[in-house]
Each structure stands twice: as structure tokens, then as C-alpha cells.
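Starting off with a structure, shown below.
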Amino acid sequence: MPGKKQKGNGEGKKSKGGSAKKKKDGEQEAARELLTSDLKNLRGLYIQHCENFITEPLNSVSTRINKAIVSAEVIDKIIITSASVTRNDMYALTSTFQLCNTLNSVYLWMVKMDSKGLEALVKFFSTHSTASTLHLIDCGITPDMSSHLADVARNSKTLTSLVLDHNPLQSYGVIQIFNGIRENKYGSLLRKCSLKFCEAGPECGETISTTLASNVSI
């Protein structure tokens, strides 16, 4: 009968819809399991690099990885605050995340590090394929350390935001950084460069204005 035929067609559509949903749910669960497995491998890699560099995992980094594992979410940023980070801490961190292609931002606020630690961080940014945002606020970066920041400004293919507020860079350091931006060999993608309260004087004005005139992205 026509009525029965229509019912059969409706059941067929419902069956197809249910199968599609089941397939989609299965694919999502498989993707979640794969991501969780990758994050667990990342956690193991971080522990191993810390052992290799004879240091302990940073609490903020371990917490971030563990949280990502529980919620099955990608790690797109690392935030470290109010800490003293040794060069070995930085070697372990950058070695771990070198191939993490979901990472795009690193935020260090009131983190004290020496010149070698800063050098390791900027080398990481100069070679990483997706890292684009670097904030180093109140990290005690001096004029003598500014050459490393000039290097990342000069060599990065991906850096779009560089925030260095509250570091005693002075005019010498600011000049070094803006020279690096102007000399970027790939064509700087930098859209934001903040250097508030860095003890810079009017003598760096010419370098800043020359860089801004030649850089269309900032």
C-alpha cells in the first residue's frame, strides 16, 4: 500500500542519517584518540629532554601538556610567568616543541633568563614553522642581550607580533632590534612591535622611523 511504502522510505532515510552520524562520531573519536596519543608522546619527549639537559620540567609547561591531554585539545600557546628559567630549561623546552606545528605563541612574563637561554628561544622562533607571537615582558633583557632579539627579527619567516615591554633595552637595544626588522631577508611579516618602558631615548628615533618607512606590515 502507498502508506506502507512511504513509511519504508522514511525508515530508509532515517537509517542512512543514523549511519552517517555514526560514521562522523567514529571519525571524531579516532581523531581525538590520535591527538591524545600525540600529546602523551609530547609529554614523554619533554620529560626525556629535561633529563638530557639535567633539569626539571617547568610546572607551567607540564600543566599545559596535561590539561591538553585531558581535554584532547591542541597546544597553540605556552605561557610562563614569574619564574627563573635556566638555559637548560629553555633547551629542553625548545627541543620538545620544535616539531609541534600547532604552536603559534610563547608568552613569558616576569621570567628571568640569561643570554644563552634567550638565544635558544630566538633560534627556536627563527626556525619554527608556525610560531608567530613572542611576548617577553619584564624579563630583564639588557642591551647586551639585544643582538639575539635582532637575530629573530632578521631571520624569522613567521613572526608577526613581538612584545618586549618593561625590559631595560635602552636606545642601543631598540636600535639593534629595529635594524633586524629592516634587514629581514624574507620580507618581515611583523605587524606589531611593542617596546614600552624600555628606557630608550630620542637617539633611536631615526632608526625607528627609517624602519617604519620601509616596512609596510607594521
Minimum-distance pair of heavy atoms, taken over all atoms of Gly117 and Met90
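In this case the closest contact between Gly117 and Met90 is O-CG, 3.2 Å.
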Run the numbers on Leu212 and Ile218 for side-chain contact (heavy atoms from CB on, under 4.5 Å), then give the verdict.
CA-CA 7 Å; Leu212 294 177; Ile218 298 180; 3.9 Å; yes
Pairing residues for Arg87 by the salt bridge (charged side-chain N to carboxylate O under 4.0 Å, His left out) criterion, not counting sequence neighbours:
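Listed in chain order: Asp114.
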Applying a strict under-4.5 Å side-chain criterion to I, L, V, M, F, W and Y, I'd like to know whether Phe53 and Val122 cluster together.
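Not linked; separate clusters.
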First locate atom SG of Cys139, then atom NE2 of His166, and finally report the distance between them rounded to the nearest 0.5 Å.
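One gets 11.5 Å once the value is rounded to the nearest 0.5 Å.
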Heavy-atom side-chain contact between Ile78 and Leu93 under 4.5 Å:
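Answer yes - side chains close enough.
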CG-CD distance between Asp151 and Glu183, expressed to the nearest 0.5 angstrom
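Between atom CG of Asp151 and atom CD of Glu183 there are 10.0 Å.
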Arg182 and Thr210, any side-chain heavy atoms less than 4.5 Å apart
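They are in side-chain contact.
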Look only at the side chain of Ser126 and the backbone of Asn155, and say whether a donor-acceptor pair between them is shorter than 3.5 Å.
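No, Ser126 side chain to Asn155 backbone: no donor-acceptor pair under 3.5 Å.
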Below 4.5 Å, heavy atoms only, C-beta onward: do Leu118 and Leu149 meet side chain to side chain?
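Side chain of Leu118 against side chain of Leu149, heavy atoms only: contact under 4.5 Å found.
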Not counting sequence neighbours, list each pair that qualifies as a side chain to side chain donor-acceptor pair (under 3.5 Å) and has a residue in residues 30-44.
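As it turns out, the side chain to side chain donor-acceptor pair (under 3.5 Å) pairs with a partner in residues 30-44, which skip direct neighbours, are Arg43-Asn66.
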Taking only residues two or more places apart in sequence or in another chain, which ones pass side chain to side chain donor-acceptor pair (under 3.5 Å) with Ser84?
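For Ser84, no residue satisfies side chain to side chain donor-acceptor pair (under 3.5 Å) once neighbours in sequence are set aside.
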Assigning hydrophobic clusters by single linkage (Ile, Leu, Val, Met, Phe, Trp, Tyr; side-chain heavy-atom cutoff under 4.5 Å), is Met145 placed with Tyr91?
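Different clusters.
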Side chains of residues 97-113: which donor-acceptor pairs under 3.5 Å do they make with residues two or more places apart or in other chains?
from: Gln98; atom 1: NE2; to: Thr127; atom 2: OG1; distance (Å): 3.3
from: Thr102; atom 1: OG1; to: Ile75; atom 2: O; distance (Å): 2.7
from: Lys112; atom 1: NZ; to: Asp138; atom 2: O; distance (Å): 3.3

Apply side-chain contact (heavy atoms from CB on, under 4.5 Å) to residues Leu121 and Leu136 and explain how you reach the verdict.
CA-CA 11 Å; Leu121 180 59; Leu136 302 172; 3.7 Å; yes
Carefully, step by step, assess His128 and Thr158 under the rule side chain to side chain donor-acceptor pair (under 3.5 Å).
CA-CA 8 Å; His128 197 275; Thr158 57; over 6 Å; no
Is there a path of hydrophobic side-chain contacts, each under 4.5 Å between heavy atoms of I/L/V/M/F/W/Y residues, joining Tyr46 to Leu35?
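Leu35 clusters together with Tyr46.
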Evaluate side chain to side chain donor-acceptor pair (under 3.5 Å) for Thr86 paired with Asp89, printing each intermediate quantity in order.
CA-CA 5 Å; Thr86 68; Asp89 292 333; 3.1 Å; yes
How long is the straight-line distance from CD of Glu56 back to OG of Ser62, given to the nearest 0.5 Å?
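So the gap between those two atoms works out to 9.5 Å.
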In Å and rounded to the nearest 0.5 Å, what is the CG to CZ distance from Asn179 to Arg154?
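If I round to the nearest 0.5 Å, the distance is 7.5 Å.
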What distance separates Ser60 OG from Ile79 CD1, expressed to the nearest 0.5 Å?
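That separation rounds to 9.0 Å.
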Non-hydrogen atoms of Leu169 and Pro143 that approach each other most closely:
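Where Leu169 meets Pro143 most closely, the heavy atoms are O-CG, 3.1 Å.
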Side chains of residues 188-195: which donor-acceptor partners sit under 3.5 Å, not counting sequence neighbours?
from: Ser188; atom 1: OG; to: Leu190; atom 2: N; distance (Å): 3.1
from: Ser194; atom 1: OG; to: Asp165; atom 2: OD1; distance (Å): 2.6
from: Ser194; atom 1: OG; to: Asp165; atom 2: OD2; distance (Å): 3.3

Please check: side-chain N/O of Ser209 versus main-chain N/O of Glu206, any donor-acceptor pairing under 3.5 Å?
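Side chain of Ser209 to backbone of Glu206: a pair is present.
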Should Asn52 and His49 be marked as a side-chain contact (heavy atoms from CB on, under 4.5 Å) after you check the CA-CA gap, both sets of side-chain angles, and the distance that decides it?
CA-CA 5 Å; Asn52 292 344; His49 280 307; 4.2 Å; yes
Can you get from Val61 to Leu42 by hopping between Ile, Leu, Val, Met, Phe, Trp and Tyr side chains that sit under 4.5 Å apart?
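Yes; tracing contacts between hydrophobic side chains, which count when under 4.5 Å, links both residues.
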Linked, directly or transitively: Leu34 and Val74 (ILVMFWY side chains, under 4.5 Å)
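Each belongs to a different hydrophobic cluster.
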Between CG on residue Leu162 and CD1 on residue Ile181, distance to nearest 0.5 Å:
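Interatomic distance, Leu162 CG to Ile181 CD1, rounded to 0.5 Å: 6.5 Å.
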Shortest non-hydrogen separation from Leu159 to Ser156 and the atoms involved:
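The pair with the smallest heavy-atom distance is N-OG, 2.9 Å.
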Show me the donor-acceptor pairs within less than 3.5 Å that the side chains of residues 170-177 make with the rest of the protein, sequence neighbours left out.
from: Ser171; atom 1: OG; to: Gly201; atom 2: N; distance (Å): 2.7
from: Ser171; atom 1: OG; to: Glu203; atom 2: OE2; distance (Å): 2.9

Should Ile47 and Glu51 be marked as a side-chain contact (heavy atoms from CB on, under 4.5 Å) after you check the CA-CA gap, both sets of side-chain angles, and the distance that decides it?
CA-CA 6 Å; Ile47 292 171; Glu51 291 176 355; 3.8 Å; yes
How about CD on Glu73, more than 12 heavy atoms from neighbouring residues, nucleotides or ligands closer than 6.0 Å, or not?
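More than 12 within 6.0 Å, yes.
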